[in-house]
Structures are given as structure tokens and as C-alpha cells.
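Presented below is the structure to which this report refers.
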Amino acid sequence: MTAKIIDGHAVARHVRQECREATEALKRRGVHPGLAVVIVGDNPASQVYVANKIKACEEVGLKSTVHAFAADTSDGEIEACIQRLNADPAVHGILVQLPLPSHFDVRRVLGAISSDKDVDGFHLYNVGGLVVGDNTIFPPCTPFGVQKMLEYENIPVEGQNVVVVGASNIVGKPMALMLMQKDATVCICHAKTRDLAQFTILADILVVAAGKPNLILPQMVRHGAVVIDVGINRLPNGRLVGDVDFEGVRQKASYITPVPGGVGPMTVTMLVHNTVQSASRFAQNAAGL
Ligand code: NAD
């Protein structure tokens, strides 16, 4: 068996087209969806990520603003900026680019974002909503992107054995919760898991987000499994790879995502999606619907 490669760019194009149409409809009703991005310091990777987010907004017709601060800015100044954005009716989504410089209390900064505008889905209210299955919250963009990819390929989740490798707050944990909500049987593995392979071999759907190249080898994967590789790793030779031995595992899996060109394009796309969703709720509330 050779796996079908899930083309993240194609799925992202499809979702962005839906977002573009929704944005045009909102504009006709006088609402122009807007995203505000707050960036602190001069981390080069963060600057690239922010530039990509702005580009994705432009492509879909969203308004975007960047609020850039020096690394030595105080918590208070950042929080004051967030409060202004919370109160600004032209802003429907607020994103604080992570990581923040080490002197910041990240949870406090993220907690200052109004949960109604938290399009990254990191506010504790939105995290709690994910736990109880409230479908009005904003799901975090990377796992939301994975879920969209599975839907796009008509891959059933209900009753499937899902193994998530990686238990971070931004990928692994929300991914597990989202798929559990879809009635999958979910197992979460992490760096302290003993004998990872005994779990991964049971997976009908294996989602890997550990940040370790070649963590998942063919002998750890069941024949016919769906393998979603969230990892992004830069090798010493400059090559970008995921966490999965792509060439080996694709001989056993039924579906597999490549790196690059898999989950990556979906993350930014779901940020745009969440912002359009937020603007649409704003329009409904304003119309008293
Ligand atoms: P993280 O470092 O916060 O968490 C990594 C998780 O993997 C932890 O729970 C850790 O316990 C687990 N882990 C580490 N080594 C392991 C091992 N040997 N076996 C089992 N589990 C192990 O990372 P993160 O922010 O969740 O990101 C994970 C990866 O996904 C990174 O490569 C990151 O670059 C990538 N990522 C990609 C996107 C995207 O858009 N494609 C978005 C976010 C993160």
C-alpha cells in the first residue's frame, strides 16, 4: 500500500475560498472582518510567522493591523494595547505572537484578550469550552486545521483509535480533546511515555506533534493507518522535515501528510477562518439575531 498524500495547500485553498466568500458577504452588510496582531521583540521566526498571517488576511480580504513592541516593553503596556483592541469594534480577532520575551507572564497576557476575540483559542475560557464540547468557542488553529483536513478527505473519526503523540497546550492536548469530541477513542503519548510503539501501532489515526525528526518509523505504524505529521524540524543540512519517516511510513499508511505542505498551510488558514467566524458573530449580535 502507498498512502494518499493529503495536500495541505489544496485543503487550505478550499477553506480560504469559503472565507473569502463569507468575508465578501459580511462586507456587503457593512462589517469588514479585522485581525490585530501583537508582536513583541525581534525574534526572526516570529516576524516570518506574522508576515505570513498578514499575507493570508490580505488574500482573503480581511483587514489586518500589526502592533509591534520592543522586547523591553512592560506587561502593562502590552495589556493596555490589548484592552484598546478589545474595545475596538473594527477588530474581530486578536492574536499575540508567541513566544513572548521571557519576562512576560504569558498566561496573564493571553488572559487579557477578550475571549470573544481570542481567535488563537488560547484563552482559558476557550480552552474550557473545548473540554466541555462547547461549539461556540474558537478552536486552536493547528489542531483545527488537522480536523479540517480529515473532514476534507472524508476520513471517519467516530469510533476510531486515535493516538496523539505530543501533549502540548497548543497542539497535542486540544487535538486529543477535539477528536474525543468527535467520538474517537483517544490516547495521548508524550516524552515520558514508555515504549511509544506499543501505543502508536494501535492507531487508526496517528497525529504526531513532538518536534523530533524520525520519531515515527514504519514498524510503529499499523497497515492502513492515517498519519498526520504536525512536526516541523530543521535538519543541520537545512532541510525541513516532520516527525515521521515519510518515505518509510507512506508505504504502510492509507493517508499521510507531507512536511512541508501538510498541516503547516492549514494553521494560518484556520486563523483567518476563526477571524471571519468572529466577525460573523459580531454582525449577528449587532443585528440582534
Ligand atoms: P512542544 O515542545 O510544546 O511539545 C512537544 C510535545 O511532544 C510534548 O508533550 C513532549 O512531551 C512530546 N514529546 C517530545 N519528545 C517526545 C518523544 N520522544 N516521544 C513522545 N513524545 C515526545 O511542541 P509543540 O509546540 O506542541 O510543537 C510540536 C511540533 O509541532 C514542533 O515540531 C512544532 O514546530 C510543530 N508545530 C507545527 C505547527 C504547524 O503549523 N504545522 C504548529 C505548531 C507546532
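In listed order, ligands and their atoms are each counted from 1.
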Test item: side-chain donor near acceptor, Glu79 and Gln83, under 3.5 Å: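 On atom types as modelled, these side chains do not qualify, holding no pair under 3.5 Å.
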Exercise: do Glu18 and His14 side chains pair donor with acceptor under 3.5 Å: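 Yes, side-chain donor-acceptor contact under 3.5 Å.
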Please report which non-hydrogen protein atom sits nearest to [atom], along with the residue it belongs to and the distance in Å to one decimal place.
| atom | value |
| --- | --- |
| atom 1 (P) of ligand 1 | Ser168 CB, 4.0 Å |
| atom 44 (C) of ligand 1 | Val171 CG2, 3.9 Å |
| atom 40 (O) of ligand 1 | Thr267 OG1, 2.6 Å |
| atom 36 (N) of ligand 1 | Val230 O, 3.7 Å |
| atom 34 (O) of ligand 1 | Ile232 O, 3.5 Å |
| atom 42 (C) of ligand 1 | Thr142 OG1, 3.3 Å |
| atom 2 (O) of ligand 1 | Ala210 O, 4.8 Å |
| atom 25 (O) of ligand 1 | Ile170 CD1, 3.5 Å |

Quick one: which ligand 1 atoms are inside 4.0 Å of a heavy atom on [X]?
| X | value |
| --- | --- |
| Lys212 | 15 (N) |
| Gly166 | 6 (C), 7 (O), 9 (O), 12 (C) |
| Val165 | 20 (C), 21 (N) |
| Gly264 | 40 (O), 41 (N) |
| His190 | 11 (O), 19 (N), 20 (C), 21 (N), 22 (C) |

Geometric cation-pi criterion Arg281 and Phe138, 6.0 Å radius, 45° cone: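 Yes, Arg281 lies over the aromatic ring of Phe138.
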Side chain, backbone, both or neither: the part of Asn169 lying under 4.0 Å from ligand 1 by heavy atom: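 Under 4.0 Å from ligand 1, Asn169 contributes no heavy atoms.
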Salt bridge (Lys or Arg N to Asp or Glu O under 4.0 Å) against Arg20, all qualifying residues, sequence neighbours excluded: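 Arg20: salt bridge (Lys or Arg N to Asp or Glu O under 4.0 Å) contacts with Glu59.
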Is there a donor-acceptor pair under 3.5 Å between the side chain of [X] and the backbone N or O of [Y]?
| X | Y | result |
| --- | --- | --- |
| His190 | Ala210 | no |
| Asp229 | Asp243 | yes |
| Thr275 | Gly93 | no |

Nearest neighbour of atom 22 (C) of ligand 1 from the list Gly262, Gly211, Ala167, Ala191, on a heavy-atom basis: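 Closest candidate by heavy-atom distance is Ala191.
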Partner residues of Val157 under the side-chain contact (heavy atoms from CB on, under 4.5 Å) criterion, sequence neighbours left out: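 Result, side-chain contact (heavy atoms from CB on, under 4.5 Å) vs Val157: Leu150, Leu179, Lys182, Ala184, Ile205.
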Shared hydrophobic cluster for Ile94 and Val106 (ILVMFWY, side-chain gaps under 4.5 Å):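 Yes, same cluster.
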Non-hydrogen protein atom less than 4.0 angstrom from atom 4 (O) of ligand 1: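 It does: a protein heavy atom is found less than 4.0 Å away from atom 4 (O) of ligand 1.
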Pairwise distance CZ(Arg84) to NE2(His67) - rounded to 0.5 angstrom: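 Answer rounded to 0.5 Å: 8.5 Å.
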